[in-house]
Amino acid sequence: MRRASRAWLPALAFGFTAGAQAAPQDEPLAWLQRAANAARTSSYSGTFVHTNGERTSTVRIAHAIIDGVEQERVEPLEGEPHEIVRRGEDMICYFPEAKTMRLDKRVSARYFPSIFRGPPEALAENYTLRLGNTERMLGLECQWIRLDPKDALRFAQRLCAEVTTGLLLRARTLNERKQPIEQWTFTDIKLGPQVARSDVKPTLQSRVKSWITDSQPRDEAKGVDTGWAVTNIPAGYRKIGEVRRTLPGRSQPVSQIIYSDGLASLSVFVELAGVPARPAEAASEEGTTSFFVRPAGDFVVTVLGEVPIATAQQIGRSVSRRP
Amino acid sequence: MSDREIDQQLVEKAQRGDKRAFELLVIKYQRKLERLLSRVIRDQGEVEDVAQEAFIKAYRALPNFRGDSAFYTWLYRIGINTAKNHLIALGRRAPTSTEYGAEEAESFEDASGLRDMNTPESMLATKQIAQTVNDAIEALPEELRTAITLREIDGLSYEEIAQIMNCPIGTVRSRIFRAREAVAERLRPQLGTSKDQRW
Amino acid sequence: MNQEISSLMDGELDPHASDRAIQSCTGCPEGKQAWDEYHLIGEVMRDGGARRFDIASAVMAKLEQEPTVLAPRASRRFPVRAQAFGRIAFAAAASVATIGAVGWIATQGMSTGSAPATMASTGGVTLQANVPVEQVVLKADPAYAAIEVNDYLAAHRQVPTPDQYRTVAARQAVRTR
């Protein structure tokens with residue numbers, strides 16, 4: 001009966017209702033599950049600021065479920081105007097200056113507040129989960145959730161979930177000295193019924209009369225074996241994807257294997273080395289982003305991810321041809 | 001931290017992706033660069049273009065800046081090269097390297113008598129700004145005037161000023177700040193730019 | 001706040017405090033204005049005159065279009081890490097770090113201003129169709145050759161989720177009018 005009555009609710013209110021059903025609990029894992037769920041199923045609209053290291057960018061995001069389909073509008077507020085609109089798994093990028101609408105069916109990406117890279121249950125293996133303080137933020141009651149790593153292979157996280165929906169309004173990554181190195185913060189937010197249907201509609205579409213549509217089919221990438229393997233996977237990280245893709249300016253495809261501990265993730269790229277080949281290992285960090293490069297015979301291994309440099313190094317050094 | 005160390009800190013921030021740190025360097029050195037370029041290029045509009053170009057070149061070259069020289073020495077070298085290329089492109093004679101070399105850039109800080117080719121309007125504006133600042137300094141209470149003069153003219157550290165003025169360093173810090181604020185207050189209408197308009 | 005800026009430009013703050021003061025300068029218009037005015041006052045006092053010459057906003061507007069430069073971390077601050085590896089200079093656009101591939105592709109399409117050139121896909125996933133005309137390669141010491149990191153970042157940011165692997169053969173490309 002409950003299910004049937006939902007049909008009468010405005011579609012936009014659906015997520016809000018679903019989120020509100022789960023009463024606040026004392027269990028941190030339950031909070032993480034609500035946060036992961038709210039990011040995908042609830043309605044929200046707002047502006048967030050992302051700081052990684054010393055780079056900052058501001059993004060407007062609106063998210064809603066309309067007629068059962070997840071819809072999202074993402075608009076970076078810096079640089080050339082453009083916006084990204086999601087319909088289910090399809091993402092369309094409107095770019096008025098170039099009169100281009102790009103529909104790339106191979107690209108699907110998730111943004112804050114959808115930060116989880118897998119079911120939150122796995123997080124308990126790698127992080128000590130605790131509830132922190134409650135705090136009022138943007139006029140809303142929020143609960144801090146603390147994730148402290150059980151080893152040095154990942155960063156500490158501080159997540160702040162709005163109490164009634166579970167939606168994350170803030171996320172902070174700390175380094176080993178407990179200093180914030182990356183942060184996502186909503187600076188304004190509307191939740192549930194406050195979100196208008198029009199918030200998730202493209203706005204730049206109307207600015208240009210004729211659009212060049214640039215669409216390409218998404219290839220199926222199921223079960224790609226790149227021929228490369230990581231032998232010394234850092235504890236708690238699991239392979240979540242393996243693909244072979246073409247990057248711009250490269251004639252040869254690049255192999256990519258992705259690992260995640262449920263929150264942090266890293267990509268291993270293997271490709272033919274350029275000329276001249278990089279002679280030695282090299283690394284760099286910016287905020288939470290670590291970057292590690294290692295020559296491997298005729299190939300070059302690149303590891304990039306939101307992990308401590310040691311984790312990137314451990315993975316990067318153990319990449320080898322699958323026997 | 002010395003002046004050079006502050007610049008270095010700003011450079012490092014910019015090298016790590018903070019463009020706004022670079023903006024502080026632009027704000028700090030734009031007038032000095034303008035004066036340097038005015039000696040080489042007569043047209044004021046061209047000076048502005050070249051100065052902008054020099055800053056953008058500096059930004060692009062920032063990853064290569066290793067702090068072997070002071071930032072402003074490095075910037076001035078880029079400025080001079082940009083000006084030379086500009087003049088060559090216009091088919092005019094470019095100054096030889098000995099005329100405006102890096103050594104001069106290094107000692108440029110104290111160069112004077114450079115404002116010889118200003119337009120009447122800019123001369124007037126320059127004079128008015130100088131007048132306002134001087135009047136405002138004159139009008140300061142004695143202890144504020146002494147503190148800011150010892151700092152800006154004599155280049156003394158807060159500790160040295162504290163000894164001379166026989167007061168705690170915290171007091172020096174506050175006096176210099178209050179002096180600057182008082183002068184800036186008088187300067188704002190003069191600059192014709194309210195807080196919101198300028199940025 | 002402005003007192004911190006005043007102390008900052010006199011070099012009278014420790015590195016930590018000066019870091020905070022720099023953030024107040026960059027963080028709000030008032031801070032930036034104070035930084036500007038205080039320097040102007042000093043110049044007038046020393047040199048007897050200073051012309052109003054304000055190109056900072058014009059320069060910054062132009063830099064808006066530039067990829068953010070990233071140089072190796074200063075070894076002074078992170079001595080242990082810097083010694084462990086060689087150093088990389090890389091350039092990354094901030095928007096790529098935040099929203100990843102989709103925006104990057106669009107931006108590239110814009111900056112080239114040309115029709116996208118389709119690259120051959122060899123059975124795998126073709127990530128990007130258009131080739132950036134101008135790779136942001138920073139000239140540096142050859143040992144620290146710069147790396148175009150945007151491609152990697154973009155590819156990394158759109159990590160395939162399990163549901164992305166499902167068969168999509170039945171889907172039709174959406175056409176706009």
Side-chain angles (χ1 to χ4, degrees), chain B residues 1-3 5-6 9-10 12-24 26-28 30-32 34 48 51-52 55-56 59-60 62-64 112 115 118 122 125-127 129-130 133-134 137 148-149 151-153 157-158 173-174 176-177 180-181 183-184 187 191 195-196 198-199, chain C residues 2-3 6-15 18-19 22 25-27 29-30 32-60 62-64 66 68-74 77 89 91-92 94 138-141 146:
Chain B
M1 300 230 323
S2 68
D3 200 44
E5 281 174 320
I6 296 158
Q9 197 174 2
L10 290 170
E12 284 175 17
K13 275 177 169 288
Q15 283 176 333
R16 276 177 276 133
D18 188 353
K19 280 184 182 166
R20 295 169 307 176
F22 186 75
E23 183 174 14
L24 295 187
V26 177
I27 292 171
K28 180 170 176 180
Q30 56 187 357
R31 289 177 292 267
K32 288 177 187 164
E34 184 261 353
E48 188 165 330
Q52 286 188 23
F55 276 118
I56 285 160
Y59 182 77
R60 287 181 185 145
L62 215 51
N64 303 333
S112 54
R115 293 164 299 282
N118 298 343
S122 72
T126 304
K127 264 191 169 165
I129 289 171
V133 170
N134 291 334
I137 299 275
I148 194 169
T149 306
R151 173 64 215 150
E152 293 288 14
I153 307 285
S157 71
Y158 286 5
R173 191 183 295 277
S174 140
I176 290 175
F177 163 63
R180 283 186 174 134
E181 262 307 299
V183 178
L187 207 47
L191 296 173
K195 286 195 177 190
D196 297 331
R198 288 182 53 200
W199 307 109
Chain C
N2 284 6
Q3 175 161 333
S6 169
S7 299
L8 169 72
M9 56 179 279
D10 292 334
E12 298 281 351
L13 295 176
D14 62 56
S18 71
D19 207 64
I22 289 171
C25 283
T26 56
E30 291 77 15
K32 224 164 26 176
Q33 184 175 345
W35 173 263
D36 188 13
E37 287 163 352
Y38 295 173
H39 276 102
L40 176 66
I41 292 165
E43 286 161 36
V44 173
M45 288 178 71
R46 277 188 300 277
D47 306 329
R51 194 177 316 163
R52 192 75 207 127
F53 184 74
D54 194 357
I55 57 167
S57 31
V59 169
M60 293 318 287
K62 287 181 180 168
L63 287 186
E64 188 69 29
E66 295 270 322
T68 302
V69 301
L70 283 184
R73 272 242 148 116
R77 289 195 181 190
L138 306 161
K139 287 204 194 77
D141 188 319

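First the proteins, then the strands, lettered A, B, ... as listed; each starts at 1.
Proximity to chain C involves both the backbone and the side chain of B/I148, based on heavy atoms less than 4.5 angstrom apart.
Closest non-hydrogen pair, C/S6 versus B/R180, comes out as OG-NH1, 2.7 Å. Between C/A56 and B/I27, the closest heavy-atom pair is CB-CG1, 3.6 Å. Counting all heavy atoms, side chain and backbone alike, C/S7 lies closest to B/Y158 at CA-OH, 3.5 Å. Here the shortest heavy-atom pairing between C/P15 and B/Q9 reads O-NE2, 3.4 Å.
Atom CD of B/E12 and atom CD1 of C/I22 lie 10.0 Å apart (nearest 0.5 Å). Between the CZ atom of B/R31 and the CG atom of C/D54 there is a distance of 8.0 Å, given to the nearest 0.5 Å. Here B/E152 contributes atom CD and C/M45 contributes atom CE; the two are 6.0 Å apart, rounded to the nearest 0.5 Å. The distance from the CE atom of C/M9 to the CD1 atom of B/I6 is 8.5 Å, given to the nearest 0.5 Å. For the atom pair NZ (B/K32) and NE2 (C/H39), the distance works out to 7.0 Å, reported to the nearest 0.5 Å. Considering CD of C/E37 and CD of B/E181, their distance stands at 7.5 Å, rounded to 0.5 Å.
B/K19 places a side-chain N or O within donor-acceptor distance of the main-chain N or O of C/L63, the cut-off being under 3.5 Å.
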Checklist entry - Would C/I55 and B/E48 count as a side chain to side chain contact (heavy atoms under 4.5 Å, CB included) if you check the C-alpha gap in whole Å, the side-chain angles of each, and the deciding distance to 0.1 Å? => result CA-CA 7 Å; C/I55 57 167; B/E48 188 165 330; 3.5 Å; yes
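Salt-bridge annotation for C/D19 and B/K13: present, with a side-chain N of the basic residue lying under 4.0 Å from a carboxylate O of the acidic one. Under a 4.0 Å N-O distance rule, the pair C/E12/B/R173 does not qualify as a salt bridge.
Side-chain contact between C/D36 and B/Q30: present, with at least one pair of heavy atoms (C-beta onward) separated by less than 4.5 Å.
Counting heavy-atom pairs under 4.5 Å between each of B/V183, B/V133, B/V26, B/L24 and chain C puts B/L24 at the top.
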